[in-house]
Amino acid sequence: MEFRFNGTGDSAQVPRFGCNCVACNRARVFTSLQRSPCSAEVRVDGKRYLLDAGRMDLALSCEMERPAAFLITHYHADHVQGLFHLRWGCGEPIPVYGPKDAQGCADLHRNSGILDFQPGLKPFRTIKFDSLTVTPVPLKHSKPTLGYCLDDGGTRLAYLTDTFGLPVETERFLNSWQPDVVVLDACHPASYATPRNHNTITQALDIITRLNPPRAYLTHISHELDAERLLKPMDLPLKVRIAQDGDTLDNWP
């Protein structure tokens, strides 16, 4: 399995428009530290599968290499906005899998163009793409949201964003499934007072402790978390890393 973080930010991204915090100013200077909308890709059997579609350069990326399918976690704009341009493209339809959500996002479902929206996935019901097995798991968010457990027969990776904690049945499944890698929402800094739709970094680390995977990445990172870590450095467990755009499983330090 080849896995790459295409984006690791929240909906405001880093740098956030108009913000002069230390994290945003740093990201304007060092572009490698910028964060685009949370998304990723996995390659198995020579095929490319995209996890979410919030990047605004999505059509260009797909023109360079057409994906075999999209796996959408949920229909908030920062996870699907790239599809609005892509849908009016040409060529063979591209399958799009995601949670059952009658509202979706604006008119994507009604005017889908080349996007071939599949029936809403059912939690814990596995689907197969050649040697890649995908098991959707429910997450806690303000829209119907799924995480994806990916297994190519060699690596098991759980992609879990956006979420505030984990449903009991999802955590039970993950403890039984035993992922090699967990990718988890850790949007807010530890000092954030009123988390609702996303984990604080403290909550995320507590979940990772309970799941106890060999490796874990934190994603969907806000500029507030980047800023807090710059001002008050925080030691992470050796097996946990905060992901950056462009990171892969192979460049673990």
Side-chain angles (χ1 to χ4, degrees), residues 1-11 13-14 35-44 48-55 70-74 76 78-79 97-99 121 123 132-141 145-152 154-167 170-171 173-175 177-188 197-222 225-226 229 236-253:
M1 179 188 298
E2 298 178 36
F3 182 90
R4 183 180 188 273
F5 289 92
N6 291 337
T8 57
D10 64 358
S11 58
Q13 305 176 57
V14 181
R35 297 188 185 277
S36 51
C38 192
S39 56
E41 66 181 64
V42 60
R43 296 172 188 269
V44 177
R48 178 184 184 222
Y49 302 89
L50 295 184
L51 293 153
D52 282 333
R55 290 186 60 112
F70 285 96
L71 296 168
I72 301 298
T73 59
H74 66 297
H76 275 150
D78 58 315
H79 290 259
Y97 298 84
L121 296 177
L132 177 64
T133 299
V134 178
T135 306
V137 294
L139 299 178
K140 291 182 177 180
H141 200 50
T145 303
L146 294 173
Y148 291 104
C149 296
L150 312 172
D151 184 356
D152 68 346
T155 301
R156 287 184 166 185
L157 183 146
Y159 188 78
L160 310 170
T161 181
D162 301 28
T163 194
F164 175 54
L166 291 177
T170 294
E171 189 161 337
F173 172 84
L174 290 167
N175 276 313
W177 193 65
Q178 295 188 323
D180 303 298
V181 183
V182 168
V183 177
L184 182 62
D185 181 305
C187 187
H188 301 303
N197 275 328
H198 301 276
N199 294 322
T200 66
I201 189 170
T202 305
Q203 291 168 318
L205 291 174
D206 286 345
I207 292 170
I208 289 166
T209 297
R210 296 196 301 272
L211 296 178
N212 195 30
R215 283 193 285 174
Y217 292 86
L218 305 180
T219 192
H220 207 288
I221 306 300
S222 67
L225 177 55
D226 276 344
R229 293 186 66 249
L236 296 175
L238 291 177
K239 65 181 180 180
V240 179
R241 179 177 179 180
I242 294 182
Q244 288 290 157
D245 291 19
D247 277 353
T248 69
L249 297 186
D250 293 332
N251 64 4
W252 185 272

State, yes or no, whether a side-chain contact exists between Asp78 and Gln13 at a heavy-atom distance under 4.5 Å.
-> no
Is there side-chain contact between Phe164 and His198, with at least one heavy-atom pair below 4.5 Å?
-> no
Pair Met1-Leu157, side-chain contact (heavy atoms from CB on, under 4.5 Å): steps then yes or no = CA-CA 9 Å; Met1 179 188 298; Leu157 183 146; 4.1 Å; yes
Do Leu150 and Thr133 have side-chain heavy atoms sitting under 4.5 Å apart?
-> no
Between Pro213 and Pro179 the two heavy atoms that sit nearest each other are CB-O, 3.8 Å
What do the steps show when you test Arg215 against Val240 for side-chain contact (heavy atoms from CB on, under 4.5 Å), and what is the final call?
-> CA-CA 6 Å; Arg215 283 193 285 174; Val240 179; over 6 Å; no
Smallest separation among heavy atoms of Gly147 and Leu160, with atom names = CA-CD2, 4.3 Å
How many angstroms lie between atom CG of Asp245 and atom CZ of Phe5, to the nearest 0.5 angstrom?
-> 10.0 Å
Flag the pair Asp162 and Lys140 as a salt bridge only when some basic side-chain nitrogen lies within less than 4.0 angstrom of an acidic carboxylate oxygen.
-> no
Looking at CG of Leu50 and CG of Leu71, how far apart are the two atoms once the value is rounded to the nearest 0.5 Å?
-> 8.5 Å
Heavy-atom side-chain proximity of Ile221 to Val14 below 4.5 angstrom | no
Student check: side-chain heavy atoms of Ile208 and Leu184 closer than 4.5 Å | yes
Determine the interplanar angle of the Tyr159 and Phe3 rings, folded into 0 to 90°, and report it as parallel if under 30°, tilted if 30 to 60°, perpendicular if over 60°.
-> tilted
Any donor-acceptor N or O pair under 3.5 Å, side chains Arg35, Thr8 = yes
Going by distance alone, is a donor N or O of one side chain under 3.5 Å from an acceptor N or O of the other, for Ser36 and Arg55?
-> yes
Does a donor on one side chain and an acceptor on the other come within less than 3.5 Å for Asp10 and Ser222?
-> no
Kindly determine whether His79 and His141 satisfy ring-ring contact (aromatic ring centres under 6.0 Å, His included), including the steps that lead there.
-> CA-CA 13 Å; His79 290 259; His141 200 50; 7.5 Å; no
Atom of Pro138, atom of Thr170 and distance for their closest heavy-atom approach | O-OG1, 2.6 Å
Donor-acceptor pair, side chain of Ser39 and main chain of Pro37, under 3.5 angstrom | yes
Separation of Leu51 CG from Tyr97 OH (nearest 0.5 Å) | 13.5 Å
Does the pair Arg156/Asp151 count as a salt bridge with the N-to-O cut at 4.0 Å?
-> yes
Taking side chain as C-beta onward, heavy atoms only, is Leu121 less than 4.5 Å from Tyr148?
-> yes
With distance as the sole test, does Asp152 use its side chain to make a donor-acceptor pair with the main-chain N or O of Gly154 at under 3.5 Å?
-> yes
Can you name the nearest heavy-atom pair linking Leu174 to Cys149, along with the distance?
-> CD2-SG, 3.7 Å
Which atom names give the shortest non-hydrogen contact between Thr163 and Asp185, and what distance separates them?
-> N-OD2, 3.5 Å
Side-chain donor-acceptor contact under 3.5 Å, Asn6 with Arg4 = yes
Has the side chain of Asn175 got a donor or acceptor atom that lies under 3.5 Å from a matching backbone atom of Glu171?
-> yes
So how far is it from Asn199 CG to His188 NE2, rounded to the nearest 0.5 Å?
-> 8.5 Å
Decide yes or no for Pro123 and Val137: does some side-chain heavy atom of the first lie under 4.5 Å from some side-chain heavy atom of the second?
-> no
Nearest heavy-atom pair of Tyr49 and Leu132: which atoms, and what distance?
-> CD1-CD2, 3.9 Å
Between atom CG of Leu166 and atom CD of Gln203, what is the distance when rounded to the nearest 0.5 Å?
-> 10.5 Å
Would you find a donor on one side and an acceptor on the other, under 3.5 Å apart, between the side chain of Asn212 and the backbone of Thr209?
-> no
Pairwise distance CG(Leu146) to CG(Leu139) - rounded to 0.5 angstrom = 7.0 Å
